[in-house]
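First the structure, in the form of structure tokens, and then the observations on it.
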Amino acid sequence: MQDKYIPADIERAAQQHWGQTGAARAVEDHAKPKYYCLSMFPYPSGKLHMGHVRNYTIGDVLSRFHAMQGYNVLQPMGWDAFGMPAENAALANNVAPAGWTYSNIGYMKQQLQSLGFAIDWQREFATCAPEYYRWEQWLFTRLYAKGLVYKKLGTVNWDPVDHTVLANEQVIDGRGWRSGALIEKREIPMYYMKITAYAEDLLAELDNLNGWPEQVRLMQKNWIGKSTGVRFAFPYELDGRQEKLWVFTTRADTIMGVTFVAVAAEHPLATRAAQDNPELAAFITECKQGGVAEADLATMEKKGLPTGLFVTHPLTGERVEVWVGNYVLMSYGDGAVMAVPAHDERDFAFAQKYQLPIKQVIAADGETFSLDGWQEWYGDKSRGACVNSGRYDGLAYAAAVDAVATDLAAKGLGEKKTQFRLRDWGISRQRYWGCPIPIIHCPSCGDVPVPDEQLPVVLPENVEITGAGSPLAKMPEFYECRCPKCGGNARRETDTLDTFFESSWYFLRYACPDNATAMVDERVGYWCKGGIDQYIGGIEHAILHLLYSRFFTKLMRDVGLIGDLGEPFANLLTQGMVVAPTFYREGENGKKLWINPADVDVVTDERGRPTGATLKADGQPVTIGGTEKMAKSKNNGVDPQALIDQYGADTARLFIMFAAPPDQSLEWSDAGVEGAFRFLRRLWKLVHDHVQAGLVTACTNNDGLSAAQADLRRKLHQTMGKVADDYGRRKQFNTAIAAVMELLNAYDKTHLTDAAGRALAQEVLESAVLLLFPIVPHIGQALYGELKPGSDACRAAFPKVDPAALKQDEIELVVQVNGKLRGAIRVPADADKAAIEAAALANPEAQKFMDGKPAKKVVVVPGRLVNIVV
RNA sequence: GCCGGGGUGGCGGAAUCGGUAGACGCAGCGGAUUCAAAAUCCGCCGCCGCAAGGUGUAAGGGUUCGAGUCCCUUUCCCGGCACCA
């Protein structure tokens, strides 16, 4: 056996061995329980980042652990290959998006392989391949036929200089990222998926997702946002016609406090009023400035302007003024809201700003209403009852809502309604590098889906990217076509699909990536039965990707593609972000140039806090930004390759698993990598020294062991139990590693040179190597082969606890006086409460702090402590 | 702004069901080994205090025999907000 741990050699050998034995190949086998372990597939951005290493190491640990437990494991990998960065790279470096993407895939695949993940590479695919995306085009046409895909106007960010639609990410402080132009909202026709038709289902099934973190279920629940309220109308007469202005409210109990209504700038009433009101027209134009991101809309200053139009209060008959408010969203509900300034915080601020009337209609016991400032209780529907509300006076929330709804219904002006915050999913993108939408626009037949025999609509790969408009719209050879229905000249849709489309079903395709005649087949039934056993990915996907994937599973069920699989992901582990500091300098026109942390020296004060930073290249200061998730856009990614090259894959894997529990965000620092490497070298040396002294048969019971040796064997079997629990139930790997470190510390301190000790040493080392094998498989493969010549760690079972080894005659209990730790006692493991109490009271340390006073109470916590209260 | 999560030594973190705060590791300090260095090994290591002891889990309050853990308030940081993936 080599006396030195040389990672490069053993990692090459181990990977070669796994390749030759097909160790990671997954084949359907009904004799074994299956374990489908899925990690979110990467976007091929160029090279792996730390988040990938973390994500895929977690997946590999769980895969290998379950394989050792006897499961038939599938761990696939692929590429989420469509997306905006490829177009940006094309612009910046004058390379074709396809070529750029495929070369990134090549590099990143080799990086993943060098990390030794047990991935079944035969199932690999990239979503930009026509063999993949043809099936989503096929599905699109089915959904279109069912009305689950439809067309309507949607609002986008429009760059008036580059004449192009921008993503929210490309709008910075209201300006286009390249042109610097002020962004405008623009309405264009887009295709939408009717996810709202499944809102009730998507909400209800959250309750059954016991394998999901509570926080993710809660976020999805709030995102779907079911609320029950009342949809009702304010009648009005305009241009000689009787009309109705519809609004939705969850606070119908406050309807008598309505002092104005507010509509969105895009609302037809606002458009009509602006016709003869130049000031209002100017305000509406102003409202159209800026991007469409909700965070921007919600944080901007609330502004409004009266339209000069009035509507009639449906219950009081009073005239109510209509305002245009920049905070009212056309996309939510009817694009109009009733305003009750007394009982809605936003309306309160708005009314104060514009001196609009505020009418109190709810009173709570012991509280005084005042216009001096907003108080929490004004808007609390769980408190108080109606006042100043005529026949509703004295009614509390629920009763008042019922009474108001009944009265509105009697007048034909409203009814109770369930509303969702969830909106339909806009899937059209005015971009090149995506899956073409399979629609043909015919002047006489309208929108016609592309027939199956003409699928796939292949995305041309050699195009010129200019950053202004979609390249496809400039390619007649792409868009000129014949109508499938009438055969006349027609134009192909040039928009592409949102890339979330690809990632909403890829996990099913892994079961049957080679099927050229169908989207999915019966193998999905084997691997996905009861849901994918473990899904692992970043917490940033907690809402959109996971919700869309759940939605797609239901769509595919309803199109008859798969049986009722239920939810796609039975167990979900949301890993925390790998975050790193950001650094930048401001270029011309205030544009931020992001600088990689590796190129920066941070200056800290004596307490270790950063006080400034300089660029290594020129020694000049750079600005310190926030600590954010590692991302290309902020250039704060740390390349794991240097780590792998210097220390090997096992050290990289061990270090990132040891640094923090998986669901916690991890602030990147490479301090401590050395320690991970040192631990592996120490493990190597322990095994080496033992092997040099001669292999023996591992001990299987406590016969002949000294007391100290029995302690070590107990520690070993406790550790086995702890590590299995950490891997299997808790999914907390840092504590599993710490437990094995403790075990080896104890091993070092125990005298093991006699025959019984040597057998115990063999047992400890064999077990420790297998306990760590899921995390550091290369060194595990090598060391297990040395400890048991001719064996293969890949086929070894996970160590099993011997209950006999855990037995203990005497235990130690802590003694507290008034909750403060004062001493310790040793008692027989089976001592009863009275005996423990007596021993604790007799403890000299305890007596000292009892100060001669009698015990008022003695609390005995079995196996832990005794608390004496005086 | 709204929704979700988090804050524990110099640092990463542990404490799993309300029961010994700081496991394990990093950094640091002292020592052994060495011609020297690297590597390795042994010891120390929250803060105050000579010690006895006191004190300490973002801040403030509460519940409890007992609170890092439960409740309330405040504060800072992170993720998401529908066209980044």
Side-chain angles (χ1 to χ4, degrees), chain A residues 40 42-43 45 80 83-85 154 156-157 165-171 213-216 218-219 221-223 225 291-300 302 327 331 346 421-431 498-500 503 538-545 547-548 574 576-577 579 606-608 626-629 631-633 655 658-661 663-667 669 671-676 678-679 681-682 685 722 725-726 729-730 732 734-735 737-742 745 748 812-816 818-821 824 856-859 861 863-865 867-869:
Chain A
M40 288 182 186
Y43 176 78
S45 55
D80 186 14
M84 218 170 51
V156 295
N157 303 304
V165 176
L166 296 185
N168 285 336
E169 195 194 42
Q170 298 171 310
V171 179
E214 188 53 41
Q215 53 154 316
V216 177
L218 192 56
M219 279 191 267
K221 184 182 172 205
N222 291 337
W223 183 262
V292 298
E294 194 191 301
D296 296 334
L297 296 172
T299 48
M300 71 188 176
K302 310 284 176 284
Y327 62 94
S331 52
R346 201 168 51 178
R421 203 188 77 96
L422 183 69
R423 307 196 297 255
D424 275 342
W425 172 18
I427 49 175
S428 293
R429 296 292 179 271
Q430 298 69 46
R431 273 193 270 285
D498 179 5
T499 58
F500 273 122
S503 55
I539 182 71
E540 70 272 26
H541 294 293
I543 296 176
L544 292 179
H545 162 62
L547 189 65
Y548 292 151
T574 46
M577 219 75 55
V579 296
E606 70 279 3
R607 295 180 62 184
T627 300
E628 296 183 60
K629 79 165 167 172
K632 248 196 158 173
S633 60
F655 174 62
F658 188 55
D663 54 354
Q664 216 165 94
S665 75
L666 171 64
E667 194 166 332
S669 151
V673 174
E674 191 73 42
R678 221 157 27 214
F679 174 71
R681 194 163 53 196
R682 178 172 165 225
K685 186 172 182 303
K722 161 133 188 88
D725 188 47
D726 278 351
R729 179 182 63 93
R730 299 180 70 205
Q732 187 157 316
N734 55 334
T735 48
I737 296 164
V740 179
M741 286 174 168
E742 276 188 69
N745 289 346
D748 254 349
E812 193 179 80
L813 293 181
V814 155
V815 181
Q816 295 181 337
N818 288 336
K820 283 199 162 63
L821 173 66
K856 275 194 227 151
K857 186 175 175 183
V858 180
V859 182
V861 184
R864 292 231 175 233
L865 57 73
N867 187 16
I868 302 166
V869 186

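Computed from a prediction, not measured in an experiment: that's the story for all the values here. Chain identifiers are assigned alphabetically (A, B, ...) following the order of the sequence lines, protein sequences preceding nucleic acid strands; residue numbering begins at 1 within each chain.
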Notebook entry, point to check: Within the structure shown, what part of the strands sits under 4.0 Å from A/Q215 by heavy-atom distance: base, sugar-phosphate, or nothing?
Noted result: sugar-phosphate
Checklist line | Contiguous Watson-Crick or G-U pair runs (3 or more, under 3.5 Å) in RNA chain B | finding: B:1-7 with B:75-81, B:10-12 with B:24-26, B:28-32 with B:40-44, B:46-48 with B:53-55, B:58-62 with B:70-74
Next item on the list: Determine: side-chain N/O of A/Q732 to OP1/OP2 of B/A15, distance under 4.0 Å, yes or no.
Entry: yes
Checklist line | Aromatic ring pairing A/Y548/A/F500, orientation class (parallel under 30°, perpendicular over 60°, tilted between) | finding: perpendicular
Next item on the list: Look at all strands and tell whether A/K820 reaches a base, only sugar-phosphate, or nothing, counting heavy atoms closer than 4.0 Å.
Entry: sugar-phosphate
Item checked: Nearest listed nucleotide, side chain of A/P661, among B/G80, B/C83, B/G13 -> B/G13
Notebook entry, point to check: How would you label the contact of A/A659 with the nucleic acid (heavy atoms, under 4.0 Å): base, sugar-phosphate, or nothing?
Noted result: sugar-phosphate
Next item on the list: Check whether any side-chain nitrogen or oxygen of A/R681 sits under 4.0 Å from OP1 or OP2 of B/A38, and answer yes or no.
Entry: no
Next item on the list: Please work out if A/R346 contacts a base, only the sugar-phosphate, or nothing of the nucleic acid, heavy-atom cut-off 4.0 Å.
Entry: nothing
Note to self: Is the phosphate of B/G25 approached by A/N734 (side-chain N or O, under 4.0 Å from OP1 or OP2)?
What the structure shows: no
Check: Where does B/C76 fall, syn or anti, if syn means a chi angle no more than 90° from 0?
Finding: anti
Next item on the list: Name the nucleic acid region contacted by A/V814, choosing base, sugar-phosphate or nothing; use a 4.0 angstrom heavy-atom cut-off, strictly under.
Entry: base
Check: If only side-chain N and O atoms of A/R730 are considered, is one of them under 4.0 Å from the OP1 or OP2 phosphate oxygen of B/A15?
Finding: yes
